[in-house]
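Below: the structure, in structure tokens.
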Protein chains: 2
Amino acid sequence: MSTIKPTPAPTLRRLPKYLEYLHEAKRKGIASISCTTIANDLKLDSVQIRKDIGITGIVGKPKTGYNVDELIHSIEKHLNWDDMSSAILVGAGNLGKAFLGYENFKKYGLNIVVAFDKDRNKIDGNIFNVPILHIDKMVDLTYRMKIHIGIITAPADEAQEIAELMILSGIRAIWNFAPRHLDVPDNIYVENAELSSDISHIKRRLKEITDKEKKYSESN
Amino acid sequence: MSTIKPTPAPTLRRLPKYLEYLHEAKRKGIASISCTTIANDLKLDSVQIRKDIGITGIVGKPKTGYNVDELIHSIEKHLNWDDMSSAILVGAGNLGKAFLGYENFKKYGLNIVVAFDKDRNKIDGNIFNVPILHIDKMVDLTYRMKIHIGIITAPADEAQEIAELMILSGIRAIWNFAPRHLDVPDNIYVENAELSSDISHIKRRLKEITDKEKKYSESN
DNA sequence: ACATTATCGATATAATTATATCGATATAAA
DNA sequence: TTTATATCGATATAATTATATCGATAATGT
């Protein structure tokens, strides 16, 4: 059925973008929308949007487009945002704690239910209603709670060890914010947050832009 | 010369990964390394790595590979990590404050020198040695400091307005963590952090994995 | 000294992803 | 009621990205 073919990664990256836009449109009271309109506003290609949207299974009407509510529902269902997944977080430093209070994750169907740290000084009850426990308790608790998503916000040199513990805990997918490659079995999915990649993009493109401008001004 | 052709985005995404690996290798005392070795350890294709690395301009030696120091230098130079860029951050909430204390950014050549917020309650001197000022001061100060990179960690409905102020401030590249599409002129580069895309990937791939397992167990 | 091997850079092929085109159809206008 | 038009889904083409192949070469072993 819907899962014979995996959704292409670029599509998966764009779908949330459409969703954000569609929620905004809905708030403005727009009932139906076409790919052409979305493409104009987001400065993307309408054919690409139509294809991406089509993957989620919805069918549109010529001349009108799609019903906004149905479209939102179709995408959210495809992305599994409609059923809330529980997650654990390991590493209650600045970034980890910030995530515990980051409300948007819930919108995306991700609920951090408990956090762990190896530093007993950081284990001071709850932060944003999420309990912070010692890492010793992770494997047993996570396994019993049947949680399958783990977030690593610990320092790089602890990441591999944490990943291995997570796998013991029954974690199947790891969201890794530590700048370290994780060596895991094939049946474990790792999503690297790659803040460094973002910065690389920014710095390189900035260089490309300014170099080009310099060249242009020199040739005049 | 090196900037005639823009570096492909996938390459830009992988290069930091190699860097992290190479720094680790260097720490272990490894002096020279081949693409084959890197590929094995990172579970990637050696040809792809060779091509990515080649883009940065370095040449290797048959049978030996590359000198680790030179390779690190070549990549970091290509990514502009060697010259530190100053950045401003707008939105001193949980995430914003966490970033002010996130040491890794400096390693990637990004230095957040000042943060702004519209909420006067959040303007309480320095956090992690970074001053937090009222947003009223942003345009003038940023312009005078000739800062070209801006980070948005404010709520979604403030993002567009902040982006416009940033452009007035002389900002050329924006790293946007707010879940909102930014409408900016062509000459401004926007990198969207897309935490929601990461979550979409995780949730969908998890679904694809478990669906497949279910199917397999049913057919037995 | 010569053969063997690992690796490089370059080039060729395959796969994926993006964009363009086209007939069909629902709505709106004449 | 008929014609015009915007949009859809499907299909075809182009561009980008990934992978495979191959001759050249530096190090190593015989």
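To find a chain, count down the sequence lines: A is the first, B the second, and so on, and within it residues start at 1.
Contact detail for A:Y143 and A:L168: the closest heavy-atom pair is CD1-O, 4.2 Å. When every heavy atom of B:W175 is checked against every heavy atom of B:A193, the shortest pair comes out as NE1-CB, 4.1 Å.
Atom CG in A:L165 sits 9.5 Å away from atom CD1 in A:I152 (nearest 0.5 Å).
Between the side chains of B:H23 and B:E76, at least one donor-acceptor pair of N or O atoms lies under 3.5 Å.
Atom NZ of B:K107 has more than 12 neighbouring heavy atoms from other residues, nucleotides or ligands inside a 6.0 Å radius. Within 6.0 Å of the CZ atom in A:F128, the count of heavy atoms belonging to other residues, nucleotides or ligands exceeds 12.
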Would you give a per-nucleotide map of nucleotides 9-17 of chain C, 5' to 3', where B means the base has a protein non-hydrogen atom under 4.0 Å away, S means only the sugar-phosphate does, and - means neither?
B-------S
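The pair A:R180-A:D157 does not meet the salt-bridge criterion, since no charged nitrogen lies less than 4.0 angstrom from a carboxylate oxygen. Note on B:R205 versus B:E208: salt bridge recorded, some NZ/NE/NH1/NH2 to OD/OE distance being below 4.0 Å. Look at A:E20 and A:K17 and you find no salt bridge, because none of the NZ, NE, NH1 or NH2 atoms lies under 4.0 Å from a carboxylate O.
In this structure, A:N67 places its CG atom 16 Å from P of D:dT7, rounding to the nearest Å. Remark: C1' of D:dC8 and CD1 of A:I55 are 16 Å apart, rounded to the nearest angstrom. Between B:I53 atom CD1 and D:dA18 atom C1' the separation is 16 Å, expressed in whole Å. Atom CD1 in B:I38 sits roughly 18 Å away from atom P in C:dA6 (whole-Å rounding). Rounded to whole Å, the distance from CD1 on A:I49 to C1' on C:dA20 is 16 Å.
Nucleotides of DNA chain C nearest to A:D45 and B:I33 differ in position, and the one nearer the 5' end is that of B:I33. Where B:S46 and A:P62 meet DNA chain C, the nucleotide closest to each residue was compared, and B:S46 sits on the side nearer the 5' end.
Axis angle, first five pairs versus last five pairs of the helix from C:dA1-D:dT30 to C:dA30-D:dT1: 0°, rounded to 10°.
Contact annotation: A:T64 does not reach the phosphate of D:dT7 (side-chain N/O to OP1 or OP2, under 4.0 Å).
For B:K63 against C:dT5, a side-chain N or O and a base N or O form a donor-acceptor pair under 3.5 Å.
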